[in-house]
There are 2 protein chains.
Amino acid sequence: MSEQKKSITMKDVAIEAGVSVGTVSRVINKESGIKEVTLKKVEQAIKTLNYVPDLYARGMKRNRTETIALIVPSIWHPFFSEFAMHVENEVYKRQNKLLLCSINGTDREQDYLDMLRHNKVDGIVAITYSPIENYLTSGIPFVSIDRMYSNIEIACVSSDNEAGGREAAKQLIRRGCKHLAFVGGHNTTINETKRRRIAFENYVREHQYPFSVFDLDETEEDYNVKLEKFLSKNPDVDGIFTINDLFALDVIKILQNKGKKIPEDVQIIGYDGIKMAGDKDYLLSTIAQPLEEMAREAVRILFDIIDGKAVNMQTMLPITFIEGNTTKFVDRKR
Amino acid sequence: MSEQKKSITMKDVAIEAGVSVGTVSRVINKESGIKEVTLKKVEQAIKTLNYVPDLYARGMKRNRTETIALIVPSIWHPFFSEFAMHVENEVYKRQNKLLLCSINGTDREQDYLDMLRHNKVDGIVAITYSPIENYLTSGIPFVSIDRMYSNIEIACVSSDNEAGGREAAKQLIRRGCKHLAFVGGHNTTINETKRRRIAFENYVREHQYPFSVFDLDETEEDYNVKLEKFLSKNPDVDGIFTINDLFALDVIKILQNKGKKIPEDVQIIGYDGIKMAGDKDYLLSTIAQPLEEMAREAVRILFDIIDGKAVNMQTMLPITFIEGNTTKFVDRKR
DNA sequence: GTGAAAGCGCTAACAA
DNA sequence: TTGTTAGCGCTTTCAC
């Protein structure tokens, strides 16, 4: 293995071009007031030596790494990976890089936050359900998704979870559902997604329909087994709203195994609007979050914070109901 | 916005502890031969000041950033996001960070490779179908997935694509399929995934079954429309192997719309073994890649290269056939 | 317009 | 065992 340690530095370029390092630096940074000939010489030298500046060395002076971190619970989950894609796009547009921090079920928040302090990332976009605020001491620019922080002043971007829950209820009822249920995964920490359930439930109760809930801790074992029991015990449920699309797919699978017809016997609405659910066999009816816009807003706000501008602490983006084929205007017998 | 630029440095710690920066550095790096009292003093100072070392400043001396880059075509795709998750896990274990470079359809390879040179990442894991080798001048440690490079000596990790293609053919035939087809997305550059089709086709032809292919350029418009036409024109196809799981889901959807029963009328085998396809409604029969192991190997090899060890240039991991419910031993009339 | 030099936060070689 | 100091590659005064 040839250890080709030494890379081309600014000094090399300076020598090659017969100028000082200061001048090279000025060229790199496109400063004005450089004589045409000098510019040419330096550019030529850069080209012949195939020189690239070391951004971290620069960062040491400028106190900027041009790196943004994205914290997600698990990158394999389609909602998060789609979100990551959009964040990456935005970050890329601004010539920054994206550090991916996927918690992956293990307890990495603390570790990652430390790492990020070490590496002086310029800012963090986080979508996490852990009580991260305890760790968040550093005053680093931070934007959270779907998670309000009560104590600290932290910018938050989310979809209108309340409207989403309400809309789901409205649509199911309008389509003739008589017994509604919510299926979700509980989380210990408070977060905005809980509003989905609350708004849904409120609407249903206001309109005096029977209502059932299945809302276990996500980490609980035998989740699917318990879910199946729940569905068996509530055979007359004919309209289900799930906390997200993946849960909806689970529910569909279980109901199919029971021989239920969807949407004839049971109608289902998910939440998120992930690609997978829209493109593939069952076109899931869902409350779609404006994922791309959320990413765009989050990154925009983050950079505003980095640049010292004032920002809205709370940004809420509108949801839309997308009708797939798990809902339908049907005639109910009863 | 309070600009709290100045962060705690080693010098501050040194002063606080009443020692020199050299000593602090030694403590940070857990060198041996430090007097107990000094150690205590320094550790105390670090704690009271809440000091964290700047890894990039360190990197300037050590020529290491402890950062690995992962290049994928698009992070939203479940195969890549699952792979990313596993790579992230491995990188995290080694206390390194992961820079995510998702090409996202646009033409970013060149840009990213430049960025990575700028930022001196310690190594790159890439799963890309572009002719990246042209850009790859820097001699940076590099491991590619599913992509052999002819000219350059580059380490490659892949699943046994040939065995996979063959296995798919074998399983379909064993289950009574009489007319086989391959459905895939073409890519301009040569890559290992092509072997899937070739091995599949060879096996089918050897056994003298009728065979049809649909293998358009992925970027082609109206892909699904054309795919549908293909399936309409070949109504007697009863066994399909697709280049990956997502294509299989597309095929299923189209066939369902045509009123075909799966697996009774048509059997389908995908490739990859993504979570989504396994967990959800249709349990897709598929040739599963050992994704986690591939990630583990790739990262292991990468770090071996970084550490200057000799490595295998070609690592091929075994695939396994997983039977979902899109295949079945059925009695065929004809 | 451009060069010289100080210094960003750290490590490592050399002294003491 | 610890302190001192020279850089790592860059930016940025301050002179010229």
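Given the structure is predicted, the values throughout are model-derived calculations rather than measurements. Proteins come first, then strands; the chains are lettered A, B, ... in the order of their sequence lines, and each starts at number 1.
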Asker: For A:A69, which residues count as a side-chain contact (heavy atoms from CB on, under 4.5 Å) partner, sequence neighbours excluded?
Answerer: A:L99, A:C101, A:L116, A:V121, A:I124
Asker: Taking side chain to side chain donor-acceptor pair (under 3.5 Å) as the definition, give me every residue that meets it alongside B:S102, ordered by chain and number, with sequence neighbours left out.
Answerer: B:N104
Asker: Give the rounded distance in Å between these two atoms: CD1 of B:I15 and P of D:dG3.
Answerer: 13 Å
Asker: Rounded to whole angstroms, how far apart are CE on A:M60 and C1' on C:dG7?
Answerer: 8 Å
Asker: So for the helix from C:dG1-D:dC16 to C:dA16-D:dT1, with five pairs setting each end axis, what is the inter-axis angle to 10°?
Answerer: 40°
Asker: With sequence neighbours excluded, what pairs up with A:F80 under the ring-ring contact (aromatic ring centres under 6.0 Å, His included) test?
Answerer: A:H77
Asker: Quickly work out the A:D12 CG to D:dC10 C1' distance and round it to whole Å.
Answerer: 13 Å
Asker: Which pairs pass ring pair (Phe, Tyr, Trp, His ring centres under 6.0 Å) with one or both residues in residues 35-59 of chain A, sequence neighbours excluded?
Answerer: A:Y56-B:Y56
Asker: Could I get the full list of salt bridge (charged side-chain N to carboxylate O under 4.0 Å, His left out) partners for A:E16, not counting sequence neighbours?
Answerer: none
Asker: Would you please name every residue forming a side-chain contact (heavy atoms from CB on, under 4.5 Å) with B:A155, sequence neighbours left out?
Answerer: B:V143, B:I301, B:I305, B:M313
Asker: Does this structure show an ion pair linking B:K47 with B:E43, if we count only N-O contacts that are shorter than 4.0 Å?
Answerer: no
Asker: Which pairs with one or both residues in residues 86-97 of chain A pass salt bridge (Lys or Arg N to Asp or Glu O under 4.0 Å), sequence neighbours excluded?
Answerer: A:E88-B:R108, A:E90-A:K93, A:E90-A:R94, A:E90-A:R296
Asker: Given that B:G33 and B:K120 both sit by DNA chain D, which one's nearest nucleotide is further toward the 5' end?
Answerer: B:G33
Asker: Taking only residues two or more places apart in sequence, or in another chain, which ones meet A:E31 in a salt bridge (charged side-chain N to carboxylate O under 4.0 Å, His left out)?
Answerer: none
Asker: For the pair made of NZ in A:K30 and C1' in D:dT12, what is the distance, rounded to whole Å?
Answerer: 19 Å
Asker: Give the rounded distance in Å between these two atoms: CG of A:D54 and P of C:dG9.
Answerer: 16 Å
Asker: Without decimals, in angstroms, what is the distance between B:N63 CG and C:dC10 P?
Answerer: 17 Å
Asker: Taking atom P of D:dC8 as reference, at what distance in whole Å does atom CG of A:L55 sit?
Answerer: 19 Å
Asker: In whole angstrom, what separates A:K11's NZ from C:dG3's C1'?
Answerer: 15 Å
Asker: Mind listing the residues from residues 38-46 of chain A sitting with a heavy atom below 4.0 Å of DNA chain D? Number order is fine.
Answerer: none
Asker: Got a sec, which residues hit salt bridge (charged side-chain N to carboxylate O under 4.0 Å, His left out) with B:K61, two or more places apart in sequence or on another chain?
Answerer: none
Asker: Between the side chains of B:D272 and B:Q289, is a donor N or O closer than 3.5 angstrom to an acceptor N or O?
Answerer: yes
Asker: How would nucleotides 11-16 of chain C be written as a contact map, 5' to 3', with B for base contact, S for sugar-phosphate-only contact and - for no contact, using protein heavy atoms under 4.0 Å?
Answerer: BBB---
Asker: Taking the side chain of A:T9 as its heavy atoms from C-beta onward, which of C:dG3, D:dT1, D:dG9 lies nearest to it?
Answerer: D:dG9
Asker: Should B:T23 be listed as having a side-chain N or O under 4.0 Å from OP1 or OP2 of D:dG3?
Answerer: yes
